[in-house]
Amino acid sequence: MEQLLIYNITITEDEDGIEKISFVESPAVERNFISFSRKSRPVRFNIESEEKRIVTGLILLADTPIYRRDARFGEHYTVFSGEVITRLIQKYFRENRTSSVNINHTTDAEGVFMFESYIKDTARGISPKEFEDVPDGSWFGSFKVENDALWNEIKKGTFKGFSIEGYLSYEEPEINTVEQLIEYLQ
């Protein structure tokens, strides 16, 4: 059985960063977003209020191997540390990319923008109930969707979460066996 490598993600300030956030059907973080109702109570997959048009969800999952497959590295896992996530977020906001959104990493989306962002930090009391199992250092965001076509697709369940798009660097893998992966996850 082939062993999959685990690469830690790093960033260089000049070259790396998040270019866009994509609305996708199957987010790599394997966590779907939630929609907010008029009562401001998070509800999974249920739009109770047409007027707010807000979706919130996990954008980056900290300290957790995420399965990836691409031409350069083949099948592998990537891990974002909380520190790297913080640096990516700061650069994303510094570069004013909150309206840089697309659909399934292909078509740019107009009329949608991020208006809220936070990093889970239980010591500071920032820990959404719906995502108690998500590690500290993970990034969440809320988007206002003014685009009617996109909003209708969200309501139909076409899009269930977010995925980042950008330039990232990989560190040489330290973990390359199933046993090491299991130990890493514990």
Side-chain angles (χ1 to χ4, degrees), residues 4-13 15-24 26-37 39-45 54-68 73 76-98 100-101 113-144 159-186:
L4 299 184
L5 298 178
I6 298 178
Y7 295 90
N8 288 317
I9 298 296
T10 62
I11 64 167
T12 62
E13 287 303 315
E15 299 170 16
D16 297 332
I18 298 170
E19 298 286 317
K20 297 181 184 203
I21 294 179
S22 190
F23 280 63
V24 295
S26 299
V29 295
E30 298 181 350
R31 296 289 202 289
N32 297 327
F33 55 56
I34 55 179
S35 303
F36 279 88
S37 72
K39 300 172 192 168
S40 295
R41 187 176 65 79
V43 180
R44 291 185 188 270
F45 313 115
I54 296 171
V55 291
T56 297
L58 180 63
I59 297 172
L60 281 174
L61 187 59
D63 303 318
T64 305
I66 300 169
Y67 174 78
R68 308 300 307 146
F73 294 98
H76 62 283
Y77 290 94
T78 58
V79 176
F80 291 83
S81 71
E83 177 186 332
V84 166
I85 290 172
T86 297
R87 290 176 53 209
L88 283 168
I89 295 167
Q90 290 169 349
K91 187 172 184 186
Y92 173 82
F93 276 94
R94 185 172 55 247
E95 294 174 349
N96 296 313
R97 295 196 179 274
T98 57
S100 297
V101 178
F113 58 91
M114 180 185 285
F115 72 92
E116 181 177 63
S117 171
Y118 58 94
I119 298 170
K120 182 176 177 184
D121 185 341
T122 53
R124 293 180 51 214
I126 304 170
S127 182
K129 289 185 285 186
E130 297 75 22
F131 298 97
E132 290 173 340
D133 61 330
V134 171
D136 279 1
S138 297
W139 181 26
F140 292 84
S142 296
F143 287 79
K144 173 75 173 175
F159 305 111
K160 295 181 176 66
F162 306 118
S163 178
I164 65 165
E165 186 173 308
Y167 299 96
L168 305 169
S169 296
Y170 282 33
E171 286 183 351
E172 286 300 312
E174 296 177 18
I175 300 171
N176 58 12
T177 68
V178 172
E179 292 80 17
Q180 288 175 317
L181 175 61
I182 291 169
E183 187 175 309
Y184 182 91
L185 292 171
Q186 293 178 350

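Hydrogens, waters and symmetry mates are skipped; everything else that's a heavy atom, side chains included, is used. The model shown is predicted, which means the values in this text are computed figures rather than measured ones.
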Next item on the list: Taking side-chain contact (heavy atoms from CB on, under 4.5 Å) as the test, write out the residues that go with Glu165, two or more places apart.
Entry: Lys20, Asn102, His105
Check: For the atom pair OG1 (Thr56) and CE (Met114), what is the distance rounded to the nearest 0.5 Å?
Finding: 9.5 Å
Margin query: Working to the nearest 0.5 angstrom, can you tell me the gap between Ile54 CD1 and Glu116 CD?
Written below: 7.5 Å
Checklist line | Residues forming a side-chain contact (heavy atoms from CB on, under 4.5 Å) with Thr78, sequence neighbours excluded | finding: Ile9, Ile66, Arg68, His76, Phe80, Tyr170
Margin query: Does Phe159 form a side-chain contact (heavy atoms from CB on, under 4.5 Å) with Val55? I'd like the steps, not just the answer.
Written below: CA-CA 10 Å; Phe159 305 111; Val55 291; over 6 Å; no
Notebook entry, point to check: Stepwise, does the side-chain contact (heavy atoms from CB on, under 4.5 Å) test hold for Ile119 with Ile126?
Noted result: CA-CA 7 Å; Ile119 298 170; Ile126 304 170; over 6 Å; no
Check: Under the ring pair (Phe, Tyr, Trp, His ring centres under 6.0 Å) test, which residues partner Tyr118, sequence neighbours left out?
Finding: Phe140
Check: How many angstroms lie between atom CG of Leu168 and atom CD of Glu15, to the nearest 0.5 angstrom?
Finding: 12.0 Å
Checklist line | Euclidean distance, Ile164 CD1 relative to Ile89 CD1, rounded to 0.5 Å | finding: 10.0 Å
Next item on the list: Determine yes or no for a side-chain-to-main-chain donor-acceptor pair under 3.5 angstrom, with Ser138 supplying the side chain and Asp136 the backbone.
Entry: no
Check: Which pair of heavy atoms, one from Gly57 and one from Phe162, lies closest together, and at what distance?
Finding: N-CE1, 3.5 Å
Notebook entry, point to check: Tyr167: what forms a side-chain contact (heavy atoms from CB on, under 4.5 Å) with it, not counting sequence neighbours?
Noted result: Asp16, Glu19
Notebook entry, point to check: For the residue pair Ala62 and Thr64, what are the closest heavy atoms and their distance?
Noted result: O-OG1, 2.9 Å
Note to self: Quick check: Tyr77 with Tyr7 (ring centres under 6.0 Å apart)?
What the structure shows: no
Check: Can you tell if the side chain of Arg97 reaches within under 4.5 Å of the side chain of Ile18, non-hydrogen atoms only?
Finding: no
Next item on the list: Could you grab the distance from atom CZ of Arg87 to atom CD of Glu83, nearest 0.5 Å is fine?
Entry: 6.0 Å
Check: Taking side chain as C-beta onward, heavy atoms only, is Thr98 less than 4.5 Å from Phe115?
Finding: no
Item checked: Pairing residues for Tyr92 by the ring pair (Phe, Tyr, Trp, His ring centres under 6.0 Å) criterion, not counting sequence neighbours -> Trp139
Check: Rounded to the nearest 0.5 Å, how far apart are CD of Glu171 and CD1 of Ile6?
Finding: 13.0 Å
Notebook entry, point to check: Can you check whether Ser81 reaches Asn8 side chain to side chain, under 4.5 Å on heavy atoms?
Noted result: no
Next item on the list: Output all residues satisfying ring pair (Phe, Tyr, Trp, His ring centres under 6.0 Å) with Phe113, sequence neighbours left out; order by chain, then residue number.
Entry: none
Next item on the list: Indicate yes or no for a side-chain donor-acceptor contact from Lys120 to the backbone of Val134 under 3.5 Å, with no hydrogens or angles considered.
Entry: yes
